[in-house]
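Worksheet for the structure shown next.
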Amino acid sequence: MPITVPAYGKEAAGRLASMADVTADDGALRRFLHGLPGVDAVGLQARAATLGTRSIKTTAKAYAIDLAISMIDLTTLEGADTPGKVRALCAKGIHPDPTDRTSPKVAAICVYPDMVATAKEALGDSGIHVASVATAFPAGRAALPVKLADTRDAVAAGADEIDMVIDRGAFLSGRYMDVFEEIKAVKEACARPDGSAAHLKVIFETGELQTYDNVRRVSWLAMLAGADFIKTSTGKVAVNATPPVTLLMLEAVRDFHAATGVQVGVKPAGGIRTTKDAIKYLVMVNETLGEPWLTADWFRFGASSLLNDLLMQRQKLSTGRYSGPDYVTVD
Amino acid sequence: MTFDYAPAPESRAVVDIAPSYGLFVDGEFAPASDGKVFKTVSPSTEEVLSEVAQASADDVDRAVKAARKAFEKWSALPGAERAKYLFRIARIIQERSRELAVLESLDNGKPIRESRDADLPLVAAHFFYYAGWADKLDHAGYGANPRPLGVAGQVIPWNFPLLMLAWKIAPALATGNTVVLKPAETTPLSALFFADICRQAGLPKGVVNILTGDGSTGAALVAHPDVNKVAFTGSTEVGKAIARTVAGTDKKVTLELGGKAANIVFDDAPLDQAVEGIVNGIFFNQGHVCCAGSRLLVQESVADEVLDALKRRMRTLRVGDPLDKNTDIGAINSAEQLARITALADAGEAEGAERWSPSCELPTTGYWFAPTLFTGVTQAHRIAREEIFGPVLSVLTFRTPAEAVEKANNTPYGLSAGIWTEKGSRMLWMANQLRAGVIWSNTFNKFDPASPFGGYQESGYGREGGRHGLEAYLNV
């Protein structure tokens, strides 16, 4: 299934423009973000935990496993990455289960910008996207021109999707407009000469933002700046995606859609390793945003080791027996 | 394809229900003296689960005598010895919690998700909590060596059969009293299983006696001259009758009666969590909760937003088989209760409130009522004043904190209230103004054995739970 990235409709763009006054200046943006409803931490965590108790069995489980596989951004982000490693990962993305060709493909291969060309070539016409982490990933600590050059490089090399990190320092010190402008600039840098654009995912590093109120504010900030996707984390810090944070971002996306008509995707990343966990996330999407978001166009998992567990569970469902780590590929 | 959750039913095989049960008196099961029985059915399927004995006045007398005899030895035990039995009961409840949860869902109709995740953990927690008090009564604040009252006659409702049993029996035994307990007519089974647990724990004979039966059994128990303490949870109407019965006697009484709690949402509330709290406040246990947040008071400035969010959330509620782990709302406990709910909801419509329910398919057998919302409700409507005891929410609005207080307090009841605001000072101010026994802030329907529970006005008197709950069973 090739992944399409729908562009905003004219009507939606118009409604988004009608919110332009909230981003008119620093003060307006601050007042808007601080006027969003607060988040009660205990209540949010309780709701996420309750959604985690849904019991997904038999046909629903088979459906969820295939859906989760098709939503994976299969990722390698190591200093030691080589073309060989990336090619191996791409091969796995195309045929996740060598013993069962009915397995769906993953959504994208996620690599550093210098590996984009390699990945693009290895994936060929498989329909799998190449996602690239740009903007001085994962710290985001570089001058704006450097970040923009990083982005343009990745796009020029053929990246379909750009995963940018925000400047957490600017956000935490209250310079919301700086963050807003930076996201806008990166979004512009995603444009290609032919008029199309790479899809922009904005990474918040929610583990560093600490509070749930911050997560709701930064979600709105990124969506107002034009993010196509909002993403929890880089996977490089102690606390990455958690169910409550993801639920909160799903709620922000729901409210933003209600306000503007603009659909934004969500990507939890880091620490989602088991089928059980992945299904809990899908239940959250299902009960918060519903069917329109239950596709790889609008929901992704940033993960590297999740795929193998999904494949083992998939094998269990089709054969009735548990296999083992030697029945799935190492990468 | 859509993400439809396949059925995930909990197995019934873990619970073994006998075709008939006798009364549990003096450590033995025996039929009623006049041989009368009645049937208990599963409200979700109308299937007859078992047949239980209908205790007569003679049986009540026999049970009270057994409890009186047991009282001498039980009250003379050192607190630490009584604690051992209570701890043992608590552990057995934990070990058998799956069995008890399935039984409770079968007999009561509540979803297994709630009996498994809410009821049973709380039941065990109450026994653990009061087991801890048994040898520390000298330090409970009621003077040195406070004495038990004697025989406690306890009558409990059908909404939380095992939990209400725990609320009644755990403090009574911890303080050295003995017990004759009558479970509700429609949900007698878990109390009978508890009788078995008492035997399993080696509890001395006669300390706990269980009499199944209808209102006449309860009335005989309450009126029995050798009962020293009456504890009742149930309707205000029956509570008043009990108060009249015991008036002029030296019996101690606690009553936990009806409610019509206000759940108050301010415009600065954490809205997503408030919506969850509203849902939990009224649809938990099908609204069969005396402290249910059945009157939603929303600040006018956010009323539309809250209602939209609430309706959207209500569309995701899953109504159906209580034993399915994905069910959010189970069956109404009995045909009579369903008729009451239906009549009151119809009255709401007739009086001009606007009725709304999400589209949901209800099973064809059993007793069911779709989650229901009434907007445009005023203080003058019956649905704003009378306890419905079902999944029916009445929505009212207010403009200022003072108006919220005035409307919230404008009720004959006063069991609980909820306040949703991000502003701490307003929350504390509201809590001081509201006349209710329990006030939750940014949450609803949260229970803990350490926290006292009880009402104002027609919601009853006395407190259960916590250190305060000891007082009702001590001669102080």
Side-chain angles (χ1 to χ4, degrees), chain A residues 34-68 70 212-213 215-216 244 247-252 254-255 257-259 279 281-295 299 317, chain B residues 1-10 111-114 116-118 265-281 284 302 304-306 308-309 312-318 321 323-328 418-424 427 440-446:
Chain A
H34 284 257
L36 292 167
V39 182
D40 184 75
V42 176
L44 177 69
Q45 287 161 357
R47 174 67 179 145
T50 304
L51 286 170
T53 65
R54 289 284 190 226
S55 187
I56 305 301
K57 305 281 185 214
T58 60
T59 53
K61 188 173 183 182
Y63 171 74
I65 287 174
D66 278 6
L67 185 61
S70 78
Y212 292 126
D213 286 328
V215 173
R216 174 166 285 170
L247 174 60
L248 179 54
M249 286 165 57
L250 294 169
E251 287 171 347
R254 181 197 65 204
D255 296 343
H257 182 254
I279 290 177
Y281 280 87
L282 291 179
V283 166
M284 280 200 290
V285 177
N286 188 39
E287 299 203 21
T288 310
L289 290 166
E291 220 180 326
W293 269 265
L294 280 174
T295 92
F299 192 77
L317 280 185
Chain B
M1 186 178 163
T2 54
F3 195 4
D4 285 327
Y5 305 157
E10 175 68 63
I112 185 77
R113 198 165 64 79
E114 289 174 6
R116 178 195 62 189
D117 299 347
V265 179
F266 285 97
D267 58 4
D268 68 338
L271 288 186
D272 285 316
Q273 288 74 49
V275 167
E276 283 309 312
I278 296 164
V279 166
N280 186 39
F284 178 63
V302 288
D304 290 345
E305 202 178 330
V306 168
D308 285 349
R312 183 183 61 219
R313 176 69 177 85
M314 281 170 70
R315 288 190 186 100
T316 67
L317 290 171
R318 302 165 66 89
D321 180 8
L323 284 187
D324 191 317
K325 293 171 203 159
N326 292 327
T327 292
D328 297 318
I419 307 167
W420 297 83
T421 174
E422 283 274 279
K423 200 174 168 76
M427 187 272 287
W440 286 292
S441 172
N442 289 349
T443 188
F444 211 94
N445 273 345
K446 282 275 180 296

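Here is the naming used below: chain letters follow the sequence lines, and residue numbers restart at 1 for every chain. Since the model is a prediction, treat every value here as computed from it, not as a measurement.
With a 4.5 Å cut-off on non-hydrogen atoms, L282(A) touches chain B through its backbone and its side chain both. Neither the backbone nor the side chain of T443(B) comes within less than 4.5 Å of any heavy atom in chain A. Residue R315(B): no heavy atom, backbone or side chain, is found under 4.5 Å from chain A. For T288(A), no part lies under 4.5 angstrom from a heavy atom of chain B. With a 4.5 Å cut-off on non-hydrogen atoms, V42(A) does not touch chain B at all. Contact annotation for D40(A): both backbone and side-chain heavy atoms come within less than 4.5 Å of a heavy atom of chain B. Only the backbone of A269(B) comes within contact range of chain A, judged by heavy atoms closer than 4.5 Å. For chain B, the nearby parts of L44(A) are the backbone and the side chain; heavy atoms of each come within less than 4.5 Å.
Ranked by heavy-atom pairs shorter than 4.5 Å toward chain B, the options P37(A), S55(A), G43(A) are led by S55(A). Heavy-atom pairs under 4.5 Å with chain B were tallied for R54(A), K57(A), E287(A); the largest tally goes to R54(A). When the candidates R313(B), R318(B), E422(B) are compared by the number of heavy-atom contacts under 4.5 Å with chain A, R313(B) comes out ahead. When the candidates V302(B), D328(B), D268(B), D308(B) are compared by the number of heavy-atom contacts under 4.5 Å with chain A, D328(B) comes out ahead.
Counting only heavy atoms from C-beta outward, the side chains of F444(B) and I278(B) never approach each other to under 4.5 Å. Using a 4.5 Å heavy-atom threshold, the side chains of H257(A) and R254(A) count as separate. Between K61(A) and I56(A), the closest side-chain pair of non-hydrogen atoms falls below 4.5 Å. Between N286(A) and L294(A) there is a side-chain heavy-atom pair separated by less than 4.5 Å. In this structure the side chain of Q273(B) never reaches within 4.5 angstrom of the side chain of Y212(A), judged on heavy atoms.
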In sequence, state the C-alpha distance, the side-chain angles, and the governing distance for D324(B) and Y5(B), and then conclude on side-chain hydrogen bond (donor to acceptor under 3.5 Å, both in side chains). CA-CA 11 Å; D324(B) 191 317; Y5(B) 305 157; over 6 Å; no
Would V285(A) and L250(A) count as a side-chain contact (heavy atoms from CB on, under 4.5 Å) if you check the C-alpha gap in whole Å, the side-chain angles of each, and the deciding distance to 0.1 Å? CA-CA 7 Å; V285(A) 177; L250(A) 294 169; 4.1 Å; yes
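Taking the six-membered ring where the residue is Trp, F3(B) and Y63(A) present tilted rings, their angle falling between 30° and 60°.
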